[in-house]
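Report on the following structure.
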Amino acid sequence: MPRRASLRDVTVAAPIPQPWMVVVNLPVPAQDFSAPHGWTGDAPTGCRVLIPWRGELMVGLVVGGTEPRGAYRLREAVHVLDAPDCPWVTPQTVAGVCAWARDARIPAGLIWGDLLGVGWTAQYFQAQYIHTVRAVEGADLSAFARKAPTTLWTDAGAFHPALLDAVREQGLLEERFDLRPRTKSVIRARELAEVPAVARAVTVLHAVIPAPALLTPRQTHAHAWLSDYGPHDTLSGWAKAAGVSGSVVNGVLNAGGAQYVAEMAPPPPAWEWLSEAGPQDTLSGWANGASADGTPLSPTAAGTLLARGWADPVQVLAPPPALPEAVPTEVDDLPDPLPEAPLWRLHGGRAASRFRTLAPRVLRLLGQGRDVLVLAPDHATLRRAWEGLSGLAAHAGTRAVQLSGQLSDVQRAYTWELVRGGAARLVIGSAHALAAPLQDPALIVVLEEGSDAHKLLSGSRAFVPDIAARVAAAHDIPLAALGATPAAESVPWPGAVLPPPRARVHIVDYATPPEQPTLGPLSGAHLGMGDMGYPISHDLARLLRQVQERGRQAALLAPRRGYSALLRCPNCEHTPQCRNCDVPLRFHQATRQMTCHQCGYHESMPDRCDNCGNQLWKARGPGTEWIAQEVGKLLPGMPIYRMDKDRQDPLAPLYAGEPGVLVGTQLLLAHDAPPDLALVAITLADTWLNVSDFRASERYHRLLRQLAEWHPARAPLLVVQTFQAGHPALRVLAEGRDTLAYPAAEERARKELGYPPHARLAQVEITAREPKRAQTAAQEVAEALYAAGATAQEVLGPAPSPVARLRGVYPYHLFLRARNDARLAELLKVLDTRTWKARVRVDVNPRGGM
DNA sequence: AGCACGCCGACT
DNA sequence: GTCGGCGTGCTC
């Protein structure tokens, strides 16, 4: 009999329960576990489960059941933390995310680690649960060298985790996991009766009546004062109050005219305050609160009162954490112009008008008792969405919640529970909201779906809209894209557009200087942009002076920080291009080489321009600092504010309407526009275009549209300084063309070039400590792909990565370009066919930095 | 990710 | 001899 048959016989003899696939918060695939002892029923997909992991307990997420496989005995899951009818993540969402991870070849743990911020960490488990253990009846655990559990319930912390795991594996351990009540420590005033007598006892001076004879006149006066106005705490205080010297009152005391009497002092005012105001979180909270109400109390003094027994620290049930409050919204009775389709879009207008257009749909769905999820790429977009949409929830009898990294862990865990319990049915958030356990979702809205900020920079490198689409498909609900301008990917979707906000554009064309000065004095010869003024052109300078004269506000957008330079011939404006990719080569100062960030092609810096033969190159990326300096020279006395990653000046004066110039990177758009904004300038638009990335012009167009709608009501003059004045991404704004004019053209161009959405891209990163090993492995990966039938159109590279990463690790990149998702998944499967001598990671739908 | 294991060169 | 750097493999 073949070996296989006998194995199967064993299976039949002792039926193996269906194993569960469990994801842990580690960059590994889902692991198999058998159901906890005595578990009946299906795998509790979406529930959190405690599993033994390397001798300790870990929280995992059940992502489904699986077939028994492998020869080894599976460990049993220890405890299921969620009721199967109320999972931590809905099974559909689990299916959608896992499908994405499978196709992207990303270990499930990596993506779930990115999506589930809280609720499955060791700290969360320890904070939430009381874990007690005991040995099963009749078990003899005396063989263990360390202290082992007895048949009495004991806190698990008393035993070594590895010992517990050994006992657990033998099936000799009973365990309990009880939710810890959420408490917090507060300082409460004691009842007067509970305050210890010593705390209240004071000795005071009383006058003895009748007064002894033989008192001097002054002593008689002091005695009379004490009997009339006393008692008094101290001798010196009495003396001072009575207006006599210390020796007089001392004499009265010695003569028996006064005596110390122990008595109960009245409660201190700080105690009265605490009794009135109720328990305080901290000593300083007590001190500050009391002081604010006219009862001076220092934190030290509060500590003394606590130590004396006037107050108690007590555990009370913690109130729910404060969450962001909804912004009230008027609901107009508008028709719903939006399509009904699995994928649809809404673009154009201003943020506020887009949300007003979306409102009827959201209201209708919430009104039907269904749920809506809104995903924002960044804080600024999230804030605007919150302002535009959160108020709708109240009209539908539910509440809106935020789920983003801005919330604390406690707030996020509480918010998750509100969603899971159905108390909140409108969720607006970041990637942290994508897996939110909405009970009956009806719509997922992705905001600014083309934004690079949707790309997770951590482990999974997921592009959130990609996963959102899989989750929506798994729930069988529509996915909508909503933003200033559509990504080329969403152009083909059915949709609605709003007219773009009015844009007043003034283009400063550095490439073709005007024949005669039309705007202020220019020098006679036009030999290049030096003559037109750089980084601030004469046009821009003139406009900035007007802004200063009229006491208004301007914003200048400097090129991105960390921008690596392009070589530019100052004579003919030629920029060296890649031979394979038709993108500008980037200049790397350290190696004096020019590299293509797309395919890795590189060559050394040529000594002369191959266009005009000029022997001088310019390489410069002007930054925020330089621009701010130039503006300072130009506008003496004008306040200048900088806003980039390195420096963030407080903008309060600008928001108060005071004149000033704001100089910053794209980070500016994360802040509100200054209220009296008259001018916005892009100092060198080309830095957005001369990026080796086929999405560069789409990104540039999005920037222009976002600048045009930055101020919520006005249309400040938009000055664009550029060598490519005729670029269509800019022309459509200058000509007042409609919202779709540029994205639709871009989408057609992508079709011809075979780029997304007409192809699916993936970047395979191959890293090793020695460049040679990485190179060999990268070559082998490419050969394996070709051997499996990939074509030269589908495999680009391998090429060494332009940036040397962590000390001495040189990654090699290989691009895959497939006609659709299925073909990409097919190509990526080749990576699993064998092991490589280097680390191989996949980035599906890579963005930027290519 | 961490962590153990094992290989290899360096040095008391 | 063994110390320690670093590559490799494993976690059910």
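Chain identifiers are assigned alphabetically (A, B, ...) following the order of the sequence lines, protein sequences preceding nucleic acid strands; residue numbering begins at 1 within each chain. Every heavy atom of this structure was used, including side-chain atoms; hydrogens, water molecules and symmetry mates were not.
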Under 3.5 Å, sequence neighbours excluded: what are the donor-acceptor pairs made by side chains of residues 89-96 of chain A?
residue	atom	partner	partner atom	Å
Thr90(A)	OG1	Thr93(A)	OG1	2.8
Thr93(A)	OG1	His475(A)	NE2	2.8

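Asp32(A) has its CG atom 6 Å from the C1' atom of dC12(C), to the nearest Å. Atoms CG (Leu57(A)) and P (dC12(C)) sit 12 Å apart, rounded to a whole Å. The distance from atom CD of Glu169(A) to atom C1' of dT11(C) is 13 Å, rounded to the nearest whole Å. The distance between atom CZ of Phe33(A) and atom P of dC12(C), rounded to the nearest whole Å, is 6 Å.
Classification of Glu826(A) and Arg823(A) as a salt-bridged pair holds, one side-chain N sitting under 4.0 Å from a carboxylate O. The pair Asp165(A)-Arg75(A) meets the salt-bridge criterion, since a charged nitrogen lies less than 4.0 angstrom from a carboxylate oxygen. Taking a cutoff of 4.0 Å between a charged side-chain nitrogen and a carboxylate oxygen, Arg695(A) and Asp452(A) do not qualify as a salt bridge.
Annotation: salt bridge (charged side-chain N to carboxylate O under 4.0 Å, His left out) contacts involving residues 37-57 of chain A, sequence neighbours excluded, comprise Arg48(A)-Asp82(A).
By the 4.5 Å heavy-atom criterion applied to side chains, Phe125(A) and Met58(A) are not counted as neighbours.
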Within the sub-3.5 Å range, which N or O atoms of nucleotides 1-3 of chain B have a protein N or O partner, and how far apart are they?
residue	atom	partner	partner atom	Å
dG2(B)	N2	Arg54(A)	NE	3.4
dG2(B)	N2	Arg54(A)	NH2	2.2

